[in-house]
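One structure is given below, encoded as structure tokens.
The structure displayed is predicted, hence computed values, not measured ones. Atoms considered below: every heavy atom in the structure, side chains included; atoms not considered: hydrogens, waters and symmetry mates. Indexing begins at 1, ligand by ligand and atom by atom, following the structure's order.
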Amino acid sequence: MALLIKNGTIVTAESISHKDILIEEDKISRIESNIFIDGIEMIDAEGKYVIPGGVDVHTHLDMPLGNIVSRDDFETGTRAAAFGGTTTIIDYATQSRGMRMQEALEIWHRKAAGKACIDYGFHMIVTELRNSFDEDLKEMIREGVTSFKLFMAYPGSLMVDDETILQALKISGKHGGLICLHAEDGNDIDMRVKLALASGNISPKYHALTRPPSTEAIAVRRAIALAAKANAPLYIVHVSSSDALKEIEQGKRKNLPVLGETCPQYLFLSIDDIDKPNFEGAKYVFTPPVREHDHQDVLWKGLISNTLDVVATDHCPFNFIGDKEIGRENFAKIPNGGPGIENRLHLLFEGGVNEKRISLNRWVDLVSTRPAKIFGLFPRKGTIAVGSDADIVIWDPTKDHRISASTHHMRVDYNMYEGTKIMGDVTIVLSRGKIIVQEGKWRGSLKHGNFLTRDLFGFQINHS
Ligand code: URP
Ligand code: ZN
Ligand code: ZN
């Protein structure tokens, strides 16, 4: 199987060039000016950007939450991702209490195998450190699961204490893993939630009001101090506030081993959304919550200055009808999570490149290259280079796109960015050399997606 991409503008995190790309089997085999080969399939990318497929390192597909499950499974979720230009995901498997990580990994393998339409890896959510943690973690790493998430929020279910985080950092660091942290002060938040409910404050906006930025910033500060003590790398997921960002900035200034991720919802949505009438605000209930408008600009600056390293989605879709409604009489019962796996590249292109906040190279870096590097997938994923997997998106910067639940491919009954207009759109998506999306049509297949064993953490954290 061979395929030639001609006349396009190749954009990587480092460069922009006008070359042709030859794909043989599932890899990029040549990148040169004027490649001519008779009789092979050709894509004419004249006037288009040719970029590495997006790498979304924060998704929750087929994730159980109480009595419900996140609406996208590995089939619908990965297909929607592909329509939005993402060709690799790393999903969060969960080791529930009383379970070994190996058992959780098997469960997630069963969820994904035969369904995933694009390549995927797993992180492991750790809810307790069993006596066998050291051994279990080494086994995970041998299996290609090299990052582990712990929660400082959700007491009684997911939250672990600081001693546990410190131990996890030390052990993970010793074996070359990466700890990802959900940084919110769970005990403080719990107290605020109880007080709000006792005062009859039950509407969705109290989800945000009971989790003020200080509860995030304090947790981030504690987490960075623990990482410094353990001398182990730390990745703060879904950074939502300027307060938390400031803590990361200070950590980076001190050359501490900390990395930061934000998500489009914190760059585009605000407290105005969660305050929408008729319970509509429930569509925007996720944690950490939406913030006041002025945080958005500070987060964008964090992306420009390298204080933030990655934009991922935290895709965790629940329907408005039936799911979010569980919390009509109590905001604390609204399932936490929002959809977005399909919209990340578009939103970052519009808010970043079109609004002239970031360069084309930085766009590619944030949505593809840097996540691939941090999570042990580079250079197989995250770039356009000879020998890399041919995961490629042909992007038309002149094509209009309007985000809507009526046209999106995520299996959820609303879109958080309904009506948002984007100048720029995906035209063709290749996953390992195979066209899976073409002009809005699905050409992929189930079972195409492969599980990715990931390398140890080896990203050079350079804070200068
Ligand atoms: O509300 C969210 N973010 N749900 C998904 C789980 C998490 O904390 O990432
Ligand atoms: Zn989280
Ligand atoms: Zn998440």
Side-chain angles (χ1 to χ4, degrees), residues 56-66 68-72 77 81 89-96 104 108 120-127 147-160 165 168 178-186 189-190 193 204 206-208 210-211 215-216 219-220 223 234-241 244 259-267 269 273-274 281-291 310-320 323-324 326-327 331-341 344 371 375 410 412 414 416:
D56 188 350
V57 294
H58 192 155
T59 68
H60 300 278
L61 301 178
D62 203 356
M63 186 198 79
L65 183 72
I68 57 174
V69 178
S70 63
R71 288 286 160 181
D72 273 317
I89 60 161
I90 308 180
D91 197 77
Y92 279 97
T94 308
Q95 169 253 332
S96 316
W108 256 261
Y120 60 95
F122 295 126
H123 315 273
M124 182 59 64
I125 290 175
V126 178
T127 56
S147 44
F148 305 86
K149 180 178 178 186
L150 292 103
F151 283 78
M152 301 172 91
Y154 302 119
S157 57
L158 298 167
M159 188 171 114
V160 293
I165 295 169
L178 175 63
I179 294 293
C180 305
L181 262 193
H182 177 128
E184 283 188 300
D185 187 331
I189 289 166
D190 230 31
V193 169
Y206 287 95
H207 172 75
T210 54
R211 309 176 95 91
T215 60
E216 187 185 20
V220 170
L234 171 69
Y235 178 92
I236 309 282
V237 296
H238 48 44
V239 175
S240 69
S241 64
L259 298 160
E261 165 199 284
T262 192
C263 312
Q265 51 269 38
Y266 304 117
L267 299 167
L269 303 174
D273 294 291
I274 205 168
K283 294 176 177 174
Y284 309 91
V285 168
F286 40 75
T287 54
V290 282
R291 305 296 184 190
V310 169
V311 178
T313 61
D314 196 6
H315 178 73
C316 188
F318 296 105
N319 277 338
F320 179 59
D323 296 343
K324 293 283 185 180
I326 295 167
F331 71 87
K333 293 193 173 152
I334 300 169
N336 284 197
I341 203 167
R344 185 177 61 123
F375 288 97
M410 300 180 285
V412 62
Y414 72 99
M416 300 199 290

Exercise. First locate atom CD1 of I89, then atom CZ of F122, and finally report the distance between them rounded to the nearest 0.5 Å.
Key: 7.5 Å
Quiz prompt | Between R291 and S240, a side-chain donor and acceptor under 3.5 Å | solution = yes
Practice problem: Salt-bridge test for R211 and E184: reply yes if a basic N is under 4.0 Å from a carboxylate O, no otherwise. | Solution: yes
Quiz item: Considering residues at least two apart in sequence or located in another chain, which fulfil the side chain to side chain contact (heavy atoms under 4.5 Å, CB included) criterion with A312?
Solution: D56, V57, H58, E261, V310
Distance-only check: which donor-acceptor pairs under 3.5 Å involve side-chain atoms of residues 149-159, not counting sequence neighbours?
residue	atom	partner	partner atom	Å
Y154	OH	T287	OG1	2.5
Y154	OH	N336	OD1	2.9
S157	OG	Y154	O	3.3

Quiz item: Protein N, O or S atoms less than 2.8 Å from the Zn ion (ligand 3), ignoring waters?
Solution: H58 NE2, H60 NE2, D314 OD1
Quiz item: Taking side chain as C-beta onward, heavy atoms only, is Y266 less than 4.5 Å from P288?
Solution: yes
Quiz item: So, does S70 use its side chain to make a donor-acceptor pair with the main chain of D62 at under 3.5 Å?
Solution: yes
Quiz prompt | Straight-line distance of L61 CG to Y120 OH, nearest 0.5 Å | solution = 11.5 Å
Self-check item: Residues in contact with ligand 1, criterion: heavy atom under 4.0 Å
Solution: H58, H60, K149, F151, H182, H238, F286, T287, D314, C316, N336, G337
Quiz item: Using a distance-only test with no angle check, is there a side-chain donor-acceptor pair under 3.5 angstrom linking H60 and D91?
Solution: no
